[in-house]
Amino acid sequence: MDPKSQRVKLNDGHFIPVLGFGTYAPPEVAKRDALEFTPFAIEIGFRHIDCAHAYQNEEEVGQAIQSKIADGTVKREDIFCTSKLWLTSLQPELVRPALEKSLKNLQLDYVDLYIMHYPLALKPGEELFPKDENGKLIFDSVDFCRTWEALEKCKDAGLTKSIGVSNFNHKQLEKILNKPGLKYKPVCNQVECHPYLNQRKLLDFCKSHEIVLVAYAALGSQRVKEWVNPNHPVLLEDPVLSAIAQKHKKTAALVALRYQIQRGVVVLAKGNNKKWIKENTQVFDFELTPEDMKAIDGLNRNIKYYEFHLGVGHPEFPFSEEY
């Protein structure tokens, strides 16, 4: 895999590799997986590593990146590393300390991209999901436009090269884009996106504002019980995807990844075994026909695997809008 040619330009002039390695794993294996699979991903050509404070494994990802720099596989500038600002740190004065904590864990002087993980704020503190005695999340009220200004300052300070958002709907993006005194537009919006939820309207909106859509859960989901609706159909067992995969002598997973790249979407691929991780790099070895693309477009049924039902009721809950 030649990583350098496979990049897209962001609206601030930096470049992002179109295929990223996702480091999220269920909490009980998150640290172990990061130590085992991140170095392997870098060895076989992944250069875009997608991390987050909330995944609770940034220290391990940092060790993995450092080990591959130390052994000469890559230089720091070869790696595109993303981290995410968690919901308990959306108060403007908490943004820079949160980023500095991630940088310390990752053993980096800067990240390439820092994004707001969700537009909704939770009560500040150490707990990722602060809950009251009834098990309900404790919301915080923060104007995310103020959070955005704090992110702009982090970019100016050189702590991150680019800034973006995640899980924003188009109205929330508009709020930032129309903000008086906006210094930098978000370079991306990272959202759940796959053939059953192809985000066509959001993608068109983002393209019209030079915002790159980054797809997570591009192969469906890992079925983590806190987040995922278990009754949804399994994406990779879809007969249309399987037929297209057979035709190209590839897997359904590769077809789902290739679909995103051909629509101009940056796609994150996870894998909890080395065979799958290596297989994902074959996404550049073939091309889907216009008929294939049309057939996959036809699979859209607005199925969200990651519903984040705990956030329902928050005034900034992003998924009540159509897109």
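Following chains of ILVMFWY side-chain contacts shorter than 4.5 Å, one cannot reach Tyr118 starting from Ile138, and the two form parts of different hydrophobic clusters. Hydrophobic clustering of Ile, Leu, Val, Met, Phe, Trp and Tyr side chains at less than 4.5 Å, counting indirect connections, keeps Val214 apart from Leu197. In the hydrophobic clustering of ILVMFWY residues, with side-chain heavy atoms under 4.5 Å counting as a link, Leu241 and Trp276 come out apart.
With 3.5 Å as the limit, one finds no donor-acceptor pair spanning the side chains of Glu322 and Asn169. Checked by atom type, the side-chain pair Asn167/Tyr216 shows a donor-acceptor distance below 3.5 Å. Counted by atom type alone, Glu192 and His194 present one or more donor-acceptor pairs between their side chains at under 3.5 Å. At a cut-off of 3.5 Å, with distance as the only test, a side-chain donor of Thr251 or Glu279 sits close to an acceptor on the other residue.
Within the structure, every pair that satisfies the salt bridge (charged side-chain N to carboxylate O under 4.0 Å, His left out) test and touches residues 291-302, not counting sequence neighbours, is listed here: Asp238-Arg301, Lys247-Asp292. Applying the side chain to side chain donor-acceptor pair (under 3.5 Å) rule to pairs touching residues 175-189 yields Glu149-Lys179, Asp156-Lys183, Asp156-Tyr184, Lys175-Glu316, Lys185-Glu210, sequence neighbours excluded.
Between Phe317 and Phe319, the ring-plane angle classifies as perpendicular under the 30° and 60° cut-offs. Using bins of under 30°, 30° to 60° and over 60° for the plane-to-plane angle, the ring pair Phe129/Trp86 lands in the perpendicular bin.
Ser102 contributes no side-chain N or O that, together with a main-chain N or O of Leu99, makes up a donor-acceptor pair within less than 3.5 Å. A donor-acceptor contact shorter than 3.5 Å is absent between the side chain of Asp140 and the backbone of Pro124. Panel note: side chain Ser208, backbone Phe205; a donor-acceptor pair is recorded below 3.5 Å. Of the possible donor and acceptor atoms, none in the side chain of Asn57 sits under 3.5 Å from a partner among the backbone N and O of Glu60. Proximity of a side-chain donor or acceptor of Arg258 to a complementary backbone N or O of Phe286 within less than 3.5 Å is detected. Looking at Asn134, its side chain never comes within 3.5 Å of a backbone N or O of Lys136 through a donor-acceptor pair.
The closest side-chain heavy-atom distance from Leu236 to Leu219 is below 4.5 Å. In this structure the side chain of Val212 never reaches within 4.5 angstrom of the side chain of Cys206, judged on heavy atoms. Put simply, the side chain of Leu177 reaches to within 4.5 Å of the side chain of Ile211, judged on heavy atoms. Counting heavy atoms from C-beta on, the side chains of Gln107 and Ile65 never come closer than 4.5 Å. Within the 4.5 Å cutoff, no side-chain heavy atoms of Val165 are placed close to those of Phe144. A 4.5 Å side-chain heavy-atom check between Leu151 and Met116 finds at least one atom pair inside the cut-off. The side-chain heavy atoms of Met293 and Arg263, taken from C-beta on, include a pair separated by under 4.5 Å. Leu103 has its side chain out of reach of Asn105: every pair of non-hydrogen atoms, C-beta onward, lies at least 4.5 Å apart.
Contact detail for Pro92 and Val142: the closest heavy-atom pair is CD-CG1, 4.3 Å.
Expressed to the nearest 0.5 Å, how far OG1 of Thr147 lies from CD of Glu93 amounts to 9.5 Å. Here the CG atom belonging to Leu90 is positioned 11.0 Å from the OG atom belonging to Ser141, to the nearest 0.5 angstrom. Here CG of Leu202 is found 9.0 Å from NE2 of His170. Values are rounded to the nearest 0.5 Å. With rounding to the nearest 0.5 Å, the separation of CZ in Phe21 from CD1 in Ile44 is 8.5 Å. Cys81 SG to Arg76 CZ: the interatomic distance, rounded to the nearest 0.5 Å, is 6.0 Å.
Each of Glu58, His53, Lys101 was scored for a side chain to side chain donor-acceptor pair (under 3.5 Å) with Ser83, with one residue passing: Glu58.
We find that Asp50 and Lys84 are joined by a salt bridge, their nearest charged nitrogen and carboxylate oxygen being less than 4.0 Å apart. Asp143 has a carboxylate O that lies under 4.0 Å from a charged side-chain N of Arg146, or vice versa, which qualifies the two as a salt bridge. The residues Lys270 and Asp33 are annotated as not salt-bridged, no charged nitrogen and carboxylate oxygen being separated by less than 4.0 angstrom.
Cation-pi geometry between Arg47 and Phe80 is not met: the NZ or CZ atom fails to fall both under 6.0 Å from the ring centre and inside 45° of the normal.
Ring centroids of Phe46 and Phe40 are separated by 6.0 Å or more, keeping the two rings apart.
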